[in-house]
Structure formats: C-alpha cells, structure tokens
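We use all heavy atoms of the structure for the numbers below, so side chains are in, but hydrogens, waters and symmetry mates are not.
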Amino acid sequence: MPVLVISVLALLLVGWIAGRPWLAEVRRARIRRQPFPAHWRGFLQRRMPYFRRLPADLQLQLKKHIQVFIAEKPFIGCAGLEITDEMRVTIAAQACLLILNRKADYYPNLRQILVYPGAFVVNKVHTDGIGILQEQRQVLSGESWSQGQVILSWEDTVEGADVSDDGQNVVIHEFAHQLDQETGQANGAPVLAPGQNRKEWARTLAAEFETLQMQAQHHEASLFSHYGATNPAEFFAVASEVFFERPAQMAEEHPALYRQLSLFYRLNPLSW
Ligand SMILES: [Zn+2]
C-alpha cells in the first residue's frame, strides 16, 4: 500500500512539474489577449521615443511582452520612491526589447525590480592586491544580481530612454546582464540563439574586448564606453546598449560584432 501511495504522489509531482510551463503559457496567452491600456500607450509615447522607431510587428510584440512582464514581475520602490504605472511601463518596455523575436520566458531568474529615485550608493567588498578585504563605496545608476534582482535609478532610466541614440541605456545594460546571468555569473557568454556558433561568438567578442581595453588604457575614443573594458561581462552589456541605440555606427565600425549581436538578439536594428 505505501508503495502505491508513493507512486501516486510521485506521479502527481511529475505531472505538476511538467504542467507548470504549460499553465504559465496559458496564463500568459490570456494576458496577451487583453487590450493594451490607453494610458500605457501614452507613457510609451512620452517616455520612449525608441518605440516609434520599431516596425509595426515588433511594436505589437513589445506591447504584449510589456503586459506579461508587468503582470509577473514585482517592482519595489526604494528610498521612499512610490512605484507608478509610468515607471513599470518605461522599464518593462526597455527590458523587453532584449527578448523580442525569441521564445520569451521573461527573464526566468528575475524575481523583482528595485527602483531608486536617482543614483544609489552601494558598499562593495573586494580583496586588494595583498589579500586584505576592502570596502568601497560606489555610486551606481543600475545593477543586476544573479540572485534575481535588477536595481535601477529612475532618473537614469528616464534619461536613457529619452536619448535613444547615444548608445547609453541603463535598462538595456542591466537586462543584458540578466540574460548573461542565466548561465550563472555574468561572463559575456550567455545562452546563444539556436544554431549560433559559440566559437565565433567567443572569438569576436574577445577580440573587440581586447581592442577596447587597449583604447581605454591609452585614453583613445571608442564607440563603446571605456567601462566596457572592465571585464567581458561589462563589455557584452555595453555592446548591447550600442547595438540597440547606435546600430548604424556599430555595423560600419564593428561589422563582425554587429553580426554576432544581431544573431544573438534575433534583431536587425539597422533596418528600422
Ligand atoms: Zn554592468
């Protein structure tokens, strides 16, 4: 008898685990069928000039992603900030740019988005050259944790969305880290598109990263912020900002990198 009970329980457990993605898909399909609220459209028009640049089919896809993203991800105001629909829509719209044209699982590891009114201070502990722990205060506009949090400054989010062609966008940056963190610690090696060649990706990004490191050392100008020379993870996030916001310059000056990011994101912003 206990064997039978255990077998039934095991079957129920397997059924529950197997059925969860299906149930999530049913729930998401229901959310996507709901009309996009008119006042949300107003936020997109006001806060995200980039939206108008997108082809009609991607605009529609993005609006549906925004609906699901907002339904699933809790936003938490920090330092007294009260979260509004305008904040949710502005952040979700930019975050979901990165998951267009793919089987959207909406950043499965992301549990919450924390929003500060402006830049925020964090204390970072790191080991110095002789192994002594040092605490360092840093002022940040955004941060992405592999434990499932993205932290954003609302002021920088607004600025990033408002100027959509300067290659600087904190939301794109932090959510690129989230994609990278789906494989563990961010390292510039996210899960690639089906059929994308991993060696080509690694070779192209490593070469571009090295070039940027040299340019940063010699204080030479680059299309990429020198912050991208910090490590391969930062390079991938910085390159993602430029891919979305300055595709023409990137395709011209860094064609191999543009091609790799275009394959990875399944998008060709150059044609928009
Ligand atoms: Zn970063």
K.L.:
Answer yes or no: is there a side-chain heavy-atom contact under 4.5 Å between Trp201 and Leu263?
P.N.:
no
K.L.:
Answer yes or no for Arg102 and Phe264: cation-pi contact, defined as NZ/CZ to six-membered ring centre under 6.0 Å and angle to ring axis within 45°.
P.N.:
yes
K.L.:
Please evaluate residues Ser144 and Gln181 with respect to the criterion side chain to side chain donor-acceptor pair (under 3.5 Å), reporting the C-alpha separation (whole Å), side-chain torsions for both, the decisive distance (0.1 Å), and the verdict.
P.N.:
CA-CA 9 Å; Ser144 172; Gln181 284 161 335; 2.7 Å; yes
K.L.:
Do Val122 and Leu152 share a hydrophobic cluster (ILVMFWY, side-chain heavy atoms under 4.5 Å, transitive)?
P.N.:
no
K.L.:
Would you say the ring centroid of Phe209 lies under 6.0 angstrom from that of Phe236?
P.N.:
no
K.L.:
When the ring planes of Phe224 and Phe235 are compared, do they come out parallel, tilted or perpendicular, using 30° and 60° as the limits?
P.N.:
perpendicular
K.L.:
Spell out, yes or no, whether Leu261 and Leu223 are grouped together once hydrophobic residues are joined by side-chain heavy atoms under 4.5 Å, including indirect joins.
P.N.:
yes
K.L.:
Indicate the atoms forming the closest heavy-atom contact of Arg28 with Asp105, along with that distance.
P.N.:
NH2-O, 3.8 Å
K.L.:
Are any of the side-chain heavy atoms of Gln112 and Val150 separated by less than 4.5 Å?
P.N.:
no
K.L.:
Please evaluate residues Gln61 and Asn101 with respect to the criterion side chain to side chain donor-acceptor pair (under 3.5 Å), reporting the C-alpha separation (whole Å), side-chain torsions for both, the decisive distance (0.1 Å), and the verdict.
P.N.:
CA-CA 8 Å; Gln61 217 188 107; Asn101 280 355; 3.1 Å; yes
K.L.:
In Å, rounded to the nearest 0.5 Å, how long is the span from CG of Leu179 to CG of Leu192?
P.N.:
11.0 Å
K.L.:
His177 and Glu143: side chain to side chain donor-acceptor pair (under 3.5 Å), yes or no, with the steps?
P.N.:
CA-CA 9 Å; His177 280 322; Glu143 207 177 20; over 6 Å; no
K.L.:
Looking at OG of Ser222 and CE of Met214, how far apart are the two atoms once the value is rounded to the nearest 0.5 Å?
P.N.:
13.0 Å
K.L.:
So, does Lys63 use its side chain to make a donor-acceptor pair with the main chain of Phe36 at under 3.5 Å?
P.N.:
no
K.L.:
So Lys64 and Arg33, do their side chains get closer than 4.5 Å, heavy atoms only?
P.N.:
no
K.L.:
Take Glu25 and Arg32 through the salt bridge (Lys or Arg N to Asp or Glu O under 4.0 Å) test and state the conclusion after the steps.
P.N.:
CA-CA 10 Å; Glu25 210 26 69; Arg32 290 190 201 106; 3.2 Å; yes
K.L.:
Tell me whether Gln213 contacts the main-chain N or O of Glu210 through its side chain, where contact means a donor paired with an acceptor under 3.5 Å.
P.N.:
no
K.L.:
For the pair Ile99 and Tyr265, evaluate side chain to side chain contact (heavy atoms under 4.5 Å, CB included) and give the outcome as yes or no after the intermediate values.
P.N.:
CA-CA 7 Å; Ile99 54 168; Tyr265 284 116; over 6 Å; no
K.L.:
Answer yes or no: is there a donor N or O on one side and an acceptor on the other, between the side chain of His173 and the main chain of Ser240, under 3.5 Å?
P.N.:
no
K.L.:
Can you give me the closest heavy-atom contact between Pro232 and Asn187, atom names plus distance?
P.N.:
CB-O, 3.5 Å
K.L.:
Side-chain donor-acceptor pair under 3.5 Å between Gln94 and Asn169, yes or no?
P.N.:
yes
K.L.:
Is it the case that one hydrophobic cluster holds both Val191 and Leu205, taking links as side-chain heavy atoms less than 4.5 Å apart, direct or via other members?
P.N.:
no
K.L.:
How are the rings of His39 and Phe43 set relative to one another: parallel (under 30°), tilted (30 to 60°) or perpendicular (over 60°)?
P.N.:
perpendicular
K.L.:
To check you understand the geometry: which heavy-atom pair defines the closest contact between Gln260 and Glu200, and what is its length?
P.N.:
NE2-OE1, 3.3 Å
K.L.:
Which heavy atom of Ala79 sits nearest a heavy atom of Tyr116, and at what distance?
P.N.:
CB-CD2, 3.9 Å
K.L.:
Can Gln168 and Glu241 be counted as having a side-chain donor-acceptor contact under 3.5 angstrom?
P.N.:
no
K.L.:
Check the side chains of Glu208 and His254 for a donor-acceptor pair under 3.5 angstrom, ignoring hydrogens and angles.
P.N.:
yes
K.L.:
Hey, what's the ring geometry for Phe69 with Tyr107, parallel, tilted or perpendicular (30° and 60° as the breaks)?
P.N.:
perpendicular
K.L.:
Under the side chain to side chain contact (heavy atoms under 4.5 Å, CB included) rule, what do Arg47 and Val89 come out as? Steps first, then yes or no, please.
P.N.:
CA-CA 9 Å; Arg47 289 291 188 202; Val89 171; over 6 Å; no
K.L.:
So with a 6.0 Å cut-off around CZ of Arg137, is the heavy-atom count from everything else above 12?
P.N.:
no
K.L.:
Would you say the side chain of Ile76 lies within less than 4.5 Å of the side chain of Ile113, judging by non-hydrogen atoms?
P.N.:
no
K.L.:
Starting at CD of Gln138, measure out to CZ of Phe120 and round the result to the nearest 0.5 Å.
P.N.:
10.0 Å
K.L.:
Under 3.5 Å, is there a donor-acceptor pair between the side chain of Thr230 and the main chain of Tyr227?
P.N.:
yes
K.L.:
Please evaluate residues Asp165 and Arg53 with respect to the criterion side chain to side chain contact (heavy atoms under 4.5 Å, CB included), reporting the C-alpha separation (whole Å), side-chain torsions for both, the decisive distance (0.1 Å), and the verdict.
P.N.:
CA-CA 11 Å; Asp165 58 0; Arg53 209 195 283 179; 4.0 Å; yes
K.L.:
So, the side chain of Asn109 versus the backbone of Gly148: is there a donor-acceptor pair under 3.5 Å, distance only?
P.N.:
no
K.L.:
CD of Glu252: more than 12 outside heavy atoms within 6.0 angstrom?
P.N.:
no
K.L.:
Rounded to the nearest 0.5 Å, how far does CD of Glu245 lie from CE of Met250?
P.N.:
12.0 Å
K.L.:
Between Ser164 and Ala161 (side chain of the first, backbone of the second, donor and acceptor by atom type, cut-off under 3.5 Å), is there such a pair?
P.N.:
no
K.L.:
Just checking, is any N or O donor in the side chain of Tyr50 or Asp162 under 3.5 Å from an acceptor N or O on the other one?
P.N.:
no
K.L.:
Quick check on the hydrophobic clustering: are Leu97 and Leu58 connected, directly or via other members, by side-chain heavy-atom contacts under 4.5 Å?
P.N.:
yes
K.L.:
Which value, rounded to the nearest 0.5 Å, describes the distance between Arg111 atom CZ and Glu72 atom CD?
P.N.:
14.5 Å
K.L.:
Within this structure, what is the CZ-CG distance for the pair Phe243 and Leu267, rounded to the nearest 0.5 Å?
P.N.:
6.0 Å
K.L.:
Shortest non-hydrogen contact from Val139 to Val121?
P.N.:
CG2-CG2, 4.2 Å
K.L.:
Leu114, Tyr106: one ILVMFWY side-chain cluster at the under-4.5 Å cut-off?
P.N.:
no
K.L.:
Does the side chain of Gln45 reach to within under 4.5 Å of the side chain of Phe51, using non-hydrogen atoms?
P.N.:
no
K.L.:
If I compare all heavy atoms of Ile66 with all of Ala92, which pair ends up nearest, and what's the gap?
P.N.:
CG2-CB, 4.0 Å
K.L.:
Please report the C-alpha distance between Gln59 and Leu44 in whole Å, then the side-chain angles of each, then the deciding distance to 0.1 Å, and finally whether the side chain to side chain contact (heavy atoms under 4.5 Å, CB included) criterion is met.
P.N.:
CA-CA 11 Å; Gln59 286 189 357; Leu44 284 180; over 6 Å; no
K.L.:
Within a 6.0 Å radius of atom CD on Glu82, are there more than 12 heavy atoms belonging to other residues, nucleotides or ligands?
P.N.:
no
K.L.:
With a 4.5 Å limit on heavy-atom distance, are the side chains of His65 and Leu100 in contact?
P.N.:
yes
